[in-house]
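Each chain gets a letter, A, B and so on, in the order its sequence line appears, and its residues count up from 1. All values below come from the heavy atoms of this structure, side chains included, with hydrogens, waters and symmetry mates left out. Computed from a prediction, not measured in an experiment: that's the story for all the values here.
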Protein chains: 2
Amino acid sequence: MGYSESTGGRKAVFNPIADDGNEYKFCSTCAFGSVCVGHGVDKIGLTELHCLVEHAGPFRTGDAIFRHGDRFSAVYAVRAGTVKTSQVDREGRELILGFHLPGELIGLNAIHTEIYPCDAIALETVEVCRFSFPALATLATRIPQIQKELFRRLSKDIGDASQRIQESTADERLAAFILNLCARYEARGFAANALRLSMPRSDIANYLGLAAETVSRVLRRFQDSGLLVVEGREVSLKNPAGLREVARNILPD
Amino acid sequence: MGYSESTGGRKAVFNPIADDGNEYKFCSTCAFGSVCVGHGVDKIGLTELHCLVEHAGPFRTGDAIFRHGDRFSAVYAVRAGTVKTSQVDREGRELILGFHLPGELIGLNAIHTEIYPCDAIALETVEVCRFSFPALATLATRIPQIQKELFRRLSKDIGDASQRIQESTADERLAAFILNLCARYEARGFAANALRLSMPRSDIANYLGLAAETVSRVLRRFQDSGLLVVEGREVSLKNPAGLREVARNILPD
DNA sequence: TCGCGCGCTTGATCGGGGTCAAGGCGGGGC
DNA sequence: GCCCCGCCTTGACCCCGATCAAGCGCGCGA
C-alpha cells in the first residue's frame with residue numbers, strides 16, 4: 001500500500017499514516033488528508049466532496065493561481081510543486097506570507113473578506129485541486145467532519161502565523177524554518193532529513209524577515225558546524241537534534 | 001437606541017452600526033456582533049445560540065479564564081475588560097499572542113489540537129460569555145450563518161497574526177498597534193482618537209517584539225512630534241493621519 | 001562559443017534597538 | 001505620615017543583522 005507519484009522532480013510516496021490509532025491516508029483526489037480517512041467514503045460524504053473537485057494545472061514557475069483582489073470563489077489544495085503566497089505593499093515591496101507544499105490548502109483565509117488577500121504564485125511546476133467554495137461550505141454544514149477539518153486547518157494556520165513572530169535571532173528563525181519544512185515533507189511521505197528549498201534565498205529571507213545575505217551566511221555557519229549540508233537548493237540534515245537545539249525558542253511542547 | 005455600559009472604568013456605548021446597508025448591532029447577550037443582526041432572531045437561530053451562553057466573571061486582574069493545556073471545551077466572548085493570550089516557552093519566558101477587547105472571541109483556535117494552546121489572562125476586571133464548543137459546532141452545521149461567522153473570525157485571526165510580522169521598525173510597529181487598538185475600540189462604539197492601554201508597557205513590548213524601554217522612547221518621540229499625547233495609560237491621538245503615515249508599512253488597502 | 005544576467009556568496013561598514021544601570025513617579029499598606 | 005515596590009523613563013554602551021559593494025558560477029539565448 002502506498003503509491004508513489006512524481007512531484008516537481010521529487011519522488012513522493014504517500015503512505016497510510018497511523019498516528020492516533022486511525023488509518024489516515026493522503027487522498028490524491030481531494031487532498032483532504034485527515035478527512036479522507038480509511039473510514040469509508042460514503043460515511044463522510046467523500047463522493048460528494050470528490051464531485052466538487054476540479055484538477056487544474058500545470059502552472060509554470062511564476063504563474064498565479066489566484067491574485068490579491070480576485071473575488072473569492074474557491075480554495076485550492078496543492079497536489080504537486082510548491083506555492084508561495086505573498087502581498088505587495090503600497091511601496092511595491094513583496095511580503096511573503098507562506099510556502100505551501102503538496103497536500104496543503106490555500107485560499108481558505110479569504111472567507112474573511114470574500115476577496116483573496118494575497119497572491120498565490122507557483123515556485124515550480126504546480127498542480128492543484130480546486131474546490132468551489134460555496135459548495136464546500138454547504139457540504140460542511142451537512143458533514144460535520146468536513147466542517148471540523150476546515151476549522152482545524154484555519155486554526156492551525158493561526159498557530160503557524162503567530163509562531164513566526166517569536167523566533168528572535170537569525171539562527172533560530174532559519175533553523176525553525178528548515179525543521180518546519182522538513183517535518184511537513186516528512187508527514188507527506190518524503191524522505192526524512194532531506195529537503196529541497198524550492199524558493200530562492202531572497203524569498204526565504206523575505207519570509208523570515210532577514211536579508212538574503214544573512215540567510216546565506218547562516219546556512220554556511222550551520223554547515224561549518226556540521227548541522228547540515230547545503231548543495232544549491234538541496235539540504236540534508238546531519239544533526240537534526242542540534243538544529244532543534246538552535247531553534248529551541250519555539251512553542252511549548 | 002444604543003445603550004451604555006461600564007467597561008473597566010470606561011463608558012462603552014453600543015450603537016447599532018450600519019456599514020453594508022444592514023442594521024448591525026452588538027448583541028450584549030451573545031456578543032456575536034455580525035451574526036446577531038437585525039434580521040430577526042428565529043431566522044438564524046439566535047434563540048438557540050443564546051441558550052448556549054453562560055455568563056461568567058467577574059475575573060480580577062491576573063486571573064486565568066483558561067490555561068494552556070486545559071482540554072478545549074468552550075470558546076469565550078469578552079463582554080467587558082481586556083484579556084491577553086500568551087504562551088510560556090520552555091525557558092519560562094512569556095510570549096504574548098494578542099489582546100482582546102469587548103466583543104472579541106477567544107479560544108477558537110484551540111479546535112486545532114483540542115487543547116487550549118495558550119493562557120487567557122484578565123488585564124483588568126473582565127466578564128465573558130462562555131459557549132460550550134461541541135454545542136456551538138453542532139449549531140453551526142444547522143445554521144450556515146453561524147458557521148460562516150466562525151470561519152470569518154478564524155480567518156481574520158490569521159490575517160491579524162500574519163500582519164504582525166511585517167512591521168519592521170519600532171515606530172511602525174507601535175503606530176500600527178495603537179491604530180489597530182483604536183479602530184477596534186471605535187468599531188465597538190467607544191470614542192474615536194482616544195484609547196486606554198490597559199496593559200503594562202512590558203506587555204506591549206513583548207507583543208511587538210521590542211524592549212519595554214523602546215516602547216517608552218518611541219511613545220515619547222511620538223508625543224514630541226505632536227502625533228499623540230500620553231498620560232500614563234491613556235492615549236489621545238492628535239494627528240491620526242500622521243500616525244497612519246508612520247505605520248504605512250501595513251497591508252495593501 | 002561567448003556574453004549576459006541572475007542567484008548566491010563573502011567582506012566591510014553602520015545603525016537600530018537590546019541590555020544594563022540608575023533614577024523618578026505613584027499607589028497601597030501599615 | 002512613611003516606606004516599599006512595581007511601573008515607567010532616561011542615559012550609555014554594544015551587538016546583530018541590514019546595507020553596500022565586489023566577485024563567483026551557472027544557465028540560457030544569440
Colleague: Can you tell me the distance, in whole Å, between the CG atom of A/Leu197 and the C1' atom of C/dG7?
Modeller: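 A/Leu197 atom CG is separated from C/dG7 atom C1' by 14 Å.
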Colleague: Donor-acceptor pair, A/Glu124 side chain versus A/Thr82 backbone, under 3.5 Å?
Modeller: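 Yes.
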Colleague: Hey, is the side chain of B/Arg221 pairing donor to acceptor with the base of D/dT9 inside 3.5 Å?
Modeller: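 No such pair is found, so the answer is no.
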Colleague: Which nucleotide in the set D/dC7, D/dA18, C/dT9 lies at the smallest distance from any side-chain heavy atom of A/Ser216?
Modeller: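 Shortest atom-to-atom distance from the side chain points to C/dT9.
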Colleague: If you take atom types as modelled and just measure distance, does the side chain of A/Arg217 reach the base of C/dG11 with a donor-acceptor pair under 3.5 Å?
Modeller: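 In this structure, the two groups form a donor-acceptor pair.
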Colleague: Considering only NZ, NE, NH1 and NH2 on the basic side and carboxylate oxygens on the acidic side, decide whether B/Asp157 and B/Arg153 come within less than 4.0 Å.
Modeller: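 So B/Asp157 does not pair with B/Arg153 through a salt bridge.
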Colleague: Taking any heavy-atom pair under 4.0 Å as a contact, classify B/Ala170: base, sugar-phosphate, or nothing.
Modeller: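 B/Ala170: backbone/sugar contact only, no base atoms under 4.0 Å.
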Colleague: Expressed as a whole number of angstroms, how long is the span from A/Ile204:CD1 to D/dA18:P?
Modeller: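 Taking CD1 of A/Ile204 and P of D/dA18, I get 14 Å after rounding.
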Colleague: Give the rounded distance in Å between these two atoms: CZ of B/Arg201 and C1' of C/dG26.
Modeller: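 After rounding, the gap between these two atoms is 14 Å.
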Colleague: Whole angstroms only, please: what is the CG-C1' distance between B/Asp224 and D/dT9?
Modeller: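 For the pair B/Asp224 CG and D/dT9 C1', the rounded distance is 13 Å.
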Colleague: Pick the closest DNA chain D nucleotide for A/Asp171 and for A/Glu213 by heavy atoms, then say which residue is nearer the 5' end.
Modeller: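 Looking at the nearest nucleotide for each, A/Asp171 comes out on the 5' side.
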Colleague: Could you tell me which non-hydrogen atom of B/Leu228 sits nearest to which non-hydrogen atom of B/Leu219, and how far apart they are?
Modeller: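 Taking every non-hydrogen atom into account, CD1-O, 4.2 Å.
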Colleague: Do the rings of B/Phe177 and B/Phe99 sit parallel, tilted or perpendicular, given the 30° and 60° boundaries?
Modeller: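 Perpendicular: the ring planes of B/Phe177 and B/Phe99 meet at over 60°.
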Colleague: Round to the nearest Å and state the distance from A/Arg233 atom CZ to C/dG7 atom P.
Modeller: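 Nearest whole value for this atom pair: 8 Å.
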Colleague: Are OP1 or OP2 of D/dG17 and a side-chain N or O of A/Thr214 less than 4.0 angstrom apart?
Modeller: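 Checking A/Thr214 against D/dG17: no side-chain N or O falls below 4.0 Å of OP1 or OP2.
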Colleague: Picking from C/dG18, D/dT9, D/dT19, which would you name as closest to the side chain of B/Ala211?
Modeller: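 Among C/dG18, D/dT9, D/dT19, the one nearest the side chain of B/Ala211 is C/dG18.
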Colleague: What's the CZ-P distance between B/Arg173 and C/dG16, to the nearest Å?
Modeller: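 That distance rounds to 14 Å.
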Colleague: Which whole-number value in Å describes the distance from A/Glu231 CD to C/dT9 P?
Modeller: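 Roughly 12 Å, once rounded to whole Å.
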Colleague: Checking side-chain contact (heavy atoms from CB on, under 4.5 Å) against A/Val246, which of A/Asp171, A/Thr169, A/Val218 comes through?
Modeller: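 It is A/Asp171, the one option of A/Asp171, A/Thr169, A/Val218 that forms the side-chain contact (heavy atoms from CB on, under 4.5 Å) with A/Val246.
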Colleague: Roughly, in whole Å, what's the span from CG in A/Leu219 to P in C/dG7?
Modeller: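 In whole Å, C/dG7 P and A/Leu219 CG are 17 Å from each other.
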